[in-house]
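Notes follow the structure.
When reading the values below, keep in mind they use all heavy atoms of this one structure, side chains included, and skip hydrogens, waters and symmetry mates.
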Amino acid sequence: MNATLPDPVSSSTSAGGCAGCGERGGGEARFSQPIRMAFQPIVDRTGRVFAQEALVRGVGGEGAGFVLSQVTDRNRYAFDQLCRMTAIRRAAELGLAGSGALLSINFSPNAIYEPARCISSSLAAARRHGLPNEALMFEVTEQEQLDDPAHLRRILTAYRALGFKVALDDFGAGYANFDILADITPDIVKLDMKLVRGLDGDRARRLIVSGIARMLDSLGVTMIAEGIETPDEYRALSDLGVRLFQGFLFARPTLDAFAAVSMPAPDDTRESLVAPPTATERANAPALVDA
């Protein structure tokens, strides 16, 4: 943790961008709550940081729920822009550009009116802080109900054209599930933690995750398992071929800093946590994925 903390940021600094986005909510309103950012790494098996996910926090370190409770339809665009600007600025200050890692930013599709115009502030901030477009990854959560899936497709198509990575977060937890995956085919899918929790002791979860992993591999989509809390969950996921991980096991979200990564100690003498599937399970696994 840094000895000195940066000044919290509020939307009074002017997010700029597309006036139409504010008009969707009946007239743009500023987001008056100052915010800070915590960062949590996404790592590979070696402990190399693949990406740093920016997570919004209150000025006193309050959790995301506290901040999100103050988001309305009228200030959603200002909040979304403020989060982007704060994440980019702070990650650059912490040395992201020289780390080889991506910056992962959560965003609200319902806050965006015209993708090409609304992204202009993010592009300007990235240039100002020396981050190439290819260093940015935008995550959309399945837990946010989308009024217009075609609109999300337009957003992600525009982002890809600019060189950004796009990710579908909380896969398996929200409204859209496999339909949105088929329509959009993102670069990255983050497996919801409910499928990860206790996976090492739950054969059904292992079969489902194994099927999802094979499906995504066939689609050319990278999978990240999130919410990992125990070494056994990590090892079971590794046995299933998962290569990227996020969770308290490796590092907790850290306010205004990049946390040190702690990897589980190798255990070469252990037996695999995942027994080979039976012939019946092999035959049924595709059906689980297609359901």
Side-chain angles (χ1 to χ4, degrees), residues 42-44 50-54 80 84 87 101-119 122-123 126 132-196 199 205-228 237-238 240-246 284-291:
I42 298 165
V43 301
D44 66 14
F50 170 79
Q52 294 282 356
E53 182 178 3
D80 183 77
R84 295 170 185 233
L102 303 177
L103 172 62
S104 183
I105 300 172
N106 294 279
F107 80 99
S108 170
N110 292 331
I112 297 172
Y113 180 71
E114 175 55 49
R117 292 175 63 192
C118 296
I119 197 63
S122 300
L123 288 168
N133 292 3
E134 292 76 15
L136 299 183
M137 178 170 79
F138 287 93
E139 294 187 27
V140 57
T141 175
E142 271 204 273
Q143 292 178 344
E144 177 175 330
Q145 187 169 11
L146 299 175
D147 299 326
D148 182 2
H151 177 58
L152 176 59
R153 188 160 51 248
R154 288 193 296 272
I155 294 170
L156 299 189
T157 298
Y159 281 17
R160 276 210 184 103
L162 291 167
F164 301 135
K165 295 277 193 300
V166 296
L168 183 61
D169 196 8
D170 301 319
F171 184 74
Y175 295 93
N177 292 298
F178 290 94
D179 285 345
I180 198 168
L181 176 65
D183 287 342
I184 295 170
T185 313
D187 300 299
I188 293 165
V189 158
K190 295 182 76 176
L191 190 67
D192 185 69
M193 66 178 65
K194 291 179 182 176
L195 289 174
V196 169
L199 168 135
R205 275 183 166 77
R206 291 198 299 269
L207 276 169
I208 293 168
V209 171
S210 176
I212 291 173
R214 293 197 302 275
M215 174 190 65
L216 293 177
D217 185 61
S218 296
L219 289 171
V221 177
T222 299
M223 185 170 82
I224 297 170
E226 61 181 343
I228 302 166
L237 288 161
S238 294
L240 292 172
V242 179
R243 297 292 183 270
L244 293 172
F245 313 90
Q246 185 179 27
N284 289 338
L288 287 172
V289 174
D290 294 339

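Here the side chain of D44 pairs no donor or acceptor atom with the backbone of R243 at under 3.5 angstrom.
Heavy atoms only, all atoms of each residue included: L103 and A87 are closest at CD2-O, 3.7 Å. Here the closest non-hydrogen pair linking D80 and R84 is OD2-NE, 2.8 Å. The minimum heavy-atom distance between V196 and A225, with the atom names listed, is CG2-CB, 4.2 Å. The two atoms that bring A213 and M223 nearest to each other are CB-CE, 3.8 Å, heavy atoms only.
With sequence neighbours left out, N133 forms a side-chain hydrogen bond (donor to acceptor under 3.5 Å, both in side chains) with no residue at all. Residues passing the side-chain hydrogen bond (donor to acceptor under 3.5 Å, both in side chains) test with Q52, sequence neighbours excluded: none. Evaluation of the side-chain hydrogen bond (donor to acceptor under 3.5 Å, both in side chains) rule for E139 yields S104, K190 as partners, not counting sequence neighbours.
Residues L219 and L181 have side chains in contact (heavy-atom distance under 4.5 Å, counting atoms from C-beta outward). The side-chain heavy atoms of V221 and T185, taken from C-beta on, include a pair separated by under 4.5 Å. A 4.5 Å side-chain heavy-atom check between L123 and F164 finds at least one atom pair inside the cut-off. Considering only heavy atoms from C-beta on, D187 stays 4.5 Å or farther from M137 through its side chain. With a 4.5 Å cut-off on side-chain heavy atoms, L195 and I212 count as touching. Within the 4.5 Å cutoff, the side chain of I188 has no heavy atoms near those of the L168 side chain.
Note that CG of L191 and CD of E226 are 7.5 Å apart. Values are rounded to the nearest 0.5 Å. Here the CD1 atom belonging to I224 is positioned 10.5 Å from the CZ atom belonging to F245, to the nearest 0.5 angstrom.
The aromatic rings of Y159 and F107 lie tilted to each other, with the angle between the two planes from 30° to 60°.
With S210 as the partner, the side chain to side chain contact (heavy atoms under 4.5 Å, CB included) test is satisfied by one option alone out of L237, V242, L240: L240. Tested against L102, the residues E53, K165, E134 include a single side chain to side chain contact (heavy atoms under 4.5 Å, CB included) partner, K165.
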